[in-house]
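A short worksheet on the structure shown next.
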Amino acid sequence: MIIVKVGGSEGIDYDAVCDDIAQLVSAGQRLILVHGGSSLTNEVSEALGHPPQFITSPSGYTSRLTDKRTLEIFQMVYCGQMNKGIVERLQMRGVNAIGLSGMDGRLWQGKRKKAIKAIENGRTRVIRDNYTGTVDEVNCGLLETLLDAGYVPVLTPPAISLEGEGINVDGDRASAATAAALKASDLLILSNIPGVLSNFPDESSLVRTINLSDIDDASENFAEGRMRIKLLGAKEAIEAGVQRVVIGDARGANPISRALAGEGTVIS
Ligand code: ADP
């Protein structure tokens, strides 16, 4: 079983991702796809007059400020155009994909953080109109039922809170929780970069391997912004028993097969 997370940044080739999935699934690979939608969400937010805002937590992680209106826009884009666009691409290739958000069937459940802290100009600010959280529980039964029946699940945030509200969760960490819960062999985190770069954005500075014990140092030394969350997700997955995490490139042909062959940053 492999979990493939494909980001939502510019440059990602979803047709190539879906071609590769069609090949792997027809060869018998059990696979779940998790996707993002950040760049389209930014565009739609601007168009709807509610521009995106990003915050940095006291521990240095960057995330989207998700008030109620942002959550609505997030659902339009992630559960709507992004999810259904990928399902359509897979269906056109003969893959019986089924698109679900983490809310459906309580697939990804977690606590809503009703107040979060953000660092702004060196000061801490508390934000209360907040719909974010983390995935604490994965509905493995639902995913296994779908996989056993021959469907390919295509999953997307938001997740669901204990009270039943939608919550924005990080896609990389949700993928890590899914990989851990289903005891996947591999978690492939694909984005618009070759992997972890020691000298970002110089693409020739790819870090080929990172051991579990060195993840924190790598995060501290070279990763900024969103890459730090990918490394945190990788660490959580490996600690929970996933054998290998590959942070790889989704910009060219056969991105999943290439990551499976070890192209990118291999973390184990
Ligand atoms: P996605 O939405 O596709 O998952 P993210 O925006 O979450 O992608 O994360 C990938 C981004 O991380 C890259 O586009 C890059 O801007 C940023 N990044 C920061 N530091 C690094 C680094 N050391 N190596 C690679 N990417 C990095």
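Indexing begins at 1, ligand by ligand and atom by atom, following the structure's order.
- When hydrogens are left out, the protein atom nearest atom 16 (O) of ligand 1 is F200 CZ, 3.1 Å; that is the closest non-hydrogen contact.
- Here S38 has side-chain heavy atoms under 4.0 Å from ligand 1, and that is the only part of it that gets that close.
- If you check which protein heavy atom lies closest to atom 9 (O) of ligand 1, you get K230 CE, 3.1 Å.
- On a distance-only criterion, L190 and ligand 1 share no N/O pair closer than 3.5 Å.
- Scanning M227, K5, R226 for the heavy atom closest to atom 18 (N) of ligand 1 points to M227.
- Under a 3.5 Å cut-off, the side chain of S219 and the backbone N or O of I215 do not form any donor-acceptor pair.
- Remark: the backbone N or O of S213 is not paired with any side-chain donor or acceptor of N211 at under 3.5 angstrom.
- Under the 3.5 Å distance criterion, the side-chain polar atoms of R93 are matched with a main-chain donor or acceptor of R89.
- Salt bridge annotation for D170-R226: present, with a cationic side-chain nitrogen under 4.0 angstrom from a carboxylate oxygen.
- Protein heavy atom closest to atom 24 (N) of ligand 1, with residue, atom name and distance, is L197 N, 2.9 Å.
- Under the side chain to side chain contact (heavy atoms under 4.5 Å, CB included) test applied with I2, the options R244, R30, Q29 reduce to a single match, Q29.
- Atom 20 (N) of ligand 1 has E224 N, 3.1 Å as its closest protein atom, hydrogens excluded (heavy atom only).
- Checked against a 3.5 angstrom limit, the closest N/O atoms of F222 and ligand 1 fall inside it.
- The side-chain hydrogen bond (donor to acceptor under 3.5 Å, both in side chains) contacts involving residues 187-198 comprise nothing, where partners must be two or more places apart or lie in separate chains.
- In this structure a side-chain-to-backbone donor-acceptor pair under 3.5 Å is missing from D214 to D217.
- Heavy-atom distances between R228 and ligand 1 stay at or above 4.0 Å for every pair.
- Annotation for V77 and G37: closest pair CG1-O, 4.0 Å, computed over non-hydrogen atoms.
- A donor-acceptor contact closer than 3.5 angstrom is absent between the side chains of T156 and N83.
- Residue-to-ligand polar distances keep I12 apart from ligand 1: every N/O pair is separated by 3.5 Å or more.
- Counting only distance, with no hydrogens or angles, the side chain of T66 and the backbone of R64 share a donor-acceptor pair below 3.5 Å.
- By heavy-atom distance, the residue among G195, G171, S219, A223 lying nearest atom 25 (C) of ligand 1 is G195.
- No N or O atom of D172 sits closer than 3.5 Å to an N or O atom of ligand 1.
- Using a non-hydrogen distance threshold of 4.0 Å, G8 registers as a contact of ligand 1.
- Close approach of ligand 1 to N192 is summarised as follows: ligand atoms under 4.0 Å from at least one heavy atom of the residue are 13 (C), 14 (O).
- Remark: minimum distance from atom 1 (P) of ligand 1 to any protein heavy atom is reached at S9 OG, 3.2 Å.
- For ligand 1, the atoms lying closer than 4.0 Å to a non-hydrogen atom of G7 are 1 (P), 2 (O), 3 (O), 4 (O).
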